[in-house]
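The model shown is predicted, which means the values in this text are computed figures rather than measured ones. What's counted below: heavy atoms across the whole structure, side chains too, no hydrogens, waters or symmetry copies.
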Amino acid sequence: MLAFFVYLLKYLRMISIASVYRTLKSLANEEQKGFITPYSFNDFAQTAQMNVYNEILAKELMSSSVSRSQRDSSFRERSKQHVDYFDTEYVATCGVGGLFDLPSNCNYVAYISYGQNASNYFNPPTSSFKEVEIEYDIKRFNLLRQSSISGMNHLSDTNSIMMVAYVSGERVHIAGAASGTTCLVKYTRTPGSISYSGSKTEAQPAISFLSSSDDAALTTYEINDSSSFNFDLPPSFHSEVVNEMAKLIGVQLEETGVYSYGVSEETSKEAVKNN
């Protein structure tokens, strides 16, 4: 019984790739219209996941620009909760010139705290902590680090408000940062996958099969859950993943029925949300 609840809780935090595969296989095989091979499925799994991921981020951007009515506020909170699924913390150590590299799965840096690390995150802030202003524009970065609000010009002032960082690609430069100082970085990551044990990994989603053959003409495939990598998306987006896969695989199989299912499901969901 305990093992069952552990299994259930694990899958409440992910989208089972086996479940998506079985759903799509049922759609494509309806009335013998086609068959989704494991290779075809895995070819499109990463693309489908990124499409849903980009949709989640786009809705968050849209929700942040709407008015502050009660309905919009509720929509904003739901959208933020979906994006929070991808929030990740990272402790970096500044090198010479205040430089450090970001993890390869970093999509967007949301927050940097200079002089802070994971162990003292919940402790009361001290004068050594500095909130870092994040800039992606090199001109604004140079203007801010030379201004009176930048910690670079107030290194002896414990009341200095903040420091300034320039983020370019996978590299961060914090103006005036001392080499060897730790920084707490919060960022929005790109999705990878979730293993059978429930661990997040940077590997892309892929379903694994155990194949067997009774004769040369008949090969059967059995899903190997322990070797599969599940979708790294909020569980509530299961149907969105199915829709994306239905569109992608439907095009490859030239099955208009499968493709239409994905498009019609997506259209109907958007209509409900907009009403």
S.K.: If the test is side chain to side chain donor-acceptor pair (under 3.5 Å), which one of Arg189, Gln204, Gln49 qualifies with Asp232?
M.R.: Arg189
S.K.: Measure the CG-CG distance between Leu144 and Asp137 for me, rounded to the nearest 0.5 Å.
M.R.: 9.5 Å
S.K.: Report the residues that fulfil side-chain hydrogen bond (donor to acceptor under 3.5 Å, both in side chains) with Glu170, sequence neighbours left out, ordered by chain and then residue number.
M.R.: none
S.K.: Go through it in stages, so that I can follow the logic: the residues are Phe209 and Phe41, the test is ring pair (Phe, Tyr, Trp, His ring centres under 6.0 Å), and I'd like the CA-CA distance, side-chain angles, deciding distance and then a yes or no.
M.R.: CA-CA 12 Å; Phe209 290 86; Phe41 182 90; 8.0 Å; no
S.K.: Rounded to the nearest 0.5 Å, what's the gap from CG on Asn107 to CG on Leu57? Could you check?
M.R.: 6.0 Å
S.K.: Please say whether more than 12 non-hydrogen atoms of neighbouring residues, nucleotides or ligands are located less than 6.0 Å from OH in Tyr136.
M.R.: yes
S.K.: Start with the C-alpha distance between Asp87 and Tyr187, add both sets of side-chain angles, then the distance that settles side-chain hydrogen bond (donor to acceptor under 3.5 Å, both in side chains), and finish with yes or no.
M.R.: CA-CA 6 Å; Asp87 283 354; Tyr187 67 92; over 6 Å; no
S.K.: Do you know which two heavy atoms are closest between Ala165 and Ile112, and how far apart they sit?
M.R.: CB-CD1, 4.3 Å
S.K.: Could you report the tightest heavy-atom contact between Pro205 and Gly192, atom names first, then the distance?
M.R.: CD-O, 3.4 Å
S.K.: Asp225 and Ala18: which non-hydrogen atoms are nearest, and at how many Å?
M.R.: OD1-CB, 3.7 Å
S.K.: Checking His238 now: which residues fulfil ring-ring contact (aromatic ring centres under 6.0 Å, His included) with it, not counting sequence neighbours?
M.R.: none
S.K.: Do any side-chain atoms of residues 171-180 form donor-acceptor pairs under 3.5 angstrom with protein atoms, and if so which ones, sequence neighbours left out?
M.R.:
unit_1: Arg171; atom_1: NE; unit_2: Asp101; atom_2: OD1; d: 3.0
unit_1: Arg171; atom_1: NH2; unit_2: Asp101; atom_2: OD1; d: 3.3
unit_1: His173; atom_1: NE2; unit_2: Gly97; atom_2: O; d: 3.0

S.K.: Would the distance check show the side chain of Ser16 and the main-chain N or O of Ser19 forming a donor-acceptor pair, the cut-off being under 3.5 Å?
M.R.: yes
S.K.: In this structure, would Phe231 and Phe229 fall into the same cluster of hydrophobic residues linked by side-chain contacts under 4.5 Å?
M.R.: no
S.K.: How many angstroms lie between CE in Met245 and CG in Leu27, if you round to the nearest 0.5 Å?
M.R.: 11.5 Å
S.K.: Just wondering, do Cys94 and Cys183 contact through their side chains at under 4.5 Å, heavy atoms?
M.R.: yes
S.K.: Is it true that a side-chain atom of Ser199 and a backbone atom of Ser195 form a donor plus acceptor pair closer than 3.5 Å?
M.R.: no
S.K.: Mind checking side-chain hydrogen bond (donor to acceptor under 3.5 Å, both in side chains) for Ser227 and listing every partner two or more places apart, or none if nothing turns up?
M.R.: Asn224
S.K.: Taking Ile194's backbone N and O only, do any of them form a donor-acceptor pair with Asn230's side chain (distance below 3.5 Å, no angle check)?
M.R.: yes
S.K.: With distance as the sole test, does Ser228 use its side chain to make a donor-acceptor pair with the main-chain N or O of Ser208 at under 3.5 Å?
M.R.: yes
S.K.: Hey, any chance Met163 and Leu99 share a hydrophobic cluster, counting ILVMFWY side chains that come within less than 4.5 Å of each other, even indirectly?
M.R.: no
S.K.: How far does CG of Leu24 sit from CZ of Arg22, to the nearest 0.5 angstrom?
M.R.: 12.0 Å
S.K.: Does a side-chain heavy-atom distance below 4.5 Å link Tyr21 with Ile223?
M.R.: yes
S.K.: Just by modelled atom types, is the Pro191 backbone N or O under 3.5 Å from a matching donor or acceptor in the Asn105 side chain?
M.R.: no
S.K.: Do Phe86 and Tyr53 have their ring centres less than 6.0 Å from each other?
M.R.: yes
S.K.: Side chains of Leu102 and Val167: does their closest heavy-atom pair fall under 4.5 Å?
M.R.: yes
S.K.: List the atom of Phe100, the atom of Ala92, and the distance in Å for their closest heavy-atom pair.
M.R.: CD1-CB, 3.4 Å
S.K.: Measure the CD1-NZ distance between Ile249 and Lys25 for me, rounded to the nearest 0.5 Å.
M.R.: 12.5 Å
S.K.: When you measure from the side chain of Glu89 to the backbone N and O of Val185, does any donor-acceptor pair fall under 3.5 Å?
M.R.: no
S.K.: Check side-chain contact (heavy atoms from CB on, under 4.5 Å) between Thr47 and all other residues, then give those that pass, not counting sequence neighbours.
M.R.: Asn51, Leu248
S.K.: If we ignore hydrogens and angles and just use 3.5 Å, is the side chain of Glu244 paired with the main-chain N or O of Met50 as donor and acceptor?
M.R.: no
S.K.: Could you grab the distance from atom OG1 of Thr181 to atom NZ of Lys130, nearest 0.5 Å is fine?
M.R.: 10.5 Å
S.K.: Please confirm whether the ring centroid of Tyr85 lies under 6.0 Å from the ring centroid of Phe237.
M.R.: no
S.K.: Only one of Arg145, Arg140, Lys139 forms a side chain to side chain contact (heavy atoms under 4.5 Å, CB included) with Asn142, so which one is it?
M.R.: Arg145
S.K.: Applying side-chain hydrogen bond (donor to acceptor under 3.5 Å, both in side chains), can you list everything that pairs with Glu133, at least two apart in sequence or on another chain?
M.R.: none
S.K.: With no hydrogens and no angle check, is any side-chain donor or acceptor of Ser193 less than 3.5 Å from a backbone partner on Ala203?
M.R.: yes
S.K.: May I have the step-by-step check of side-chain contact (heavy atoms from CB on, under 4.5 Å) for Glu202 and Ser104, ending in yes or no?
M.R.: CA-CA 9 Å; Glu202 291 189 22; Ser104 59; 3.2 Å; yes
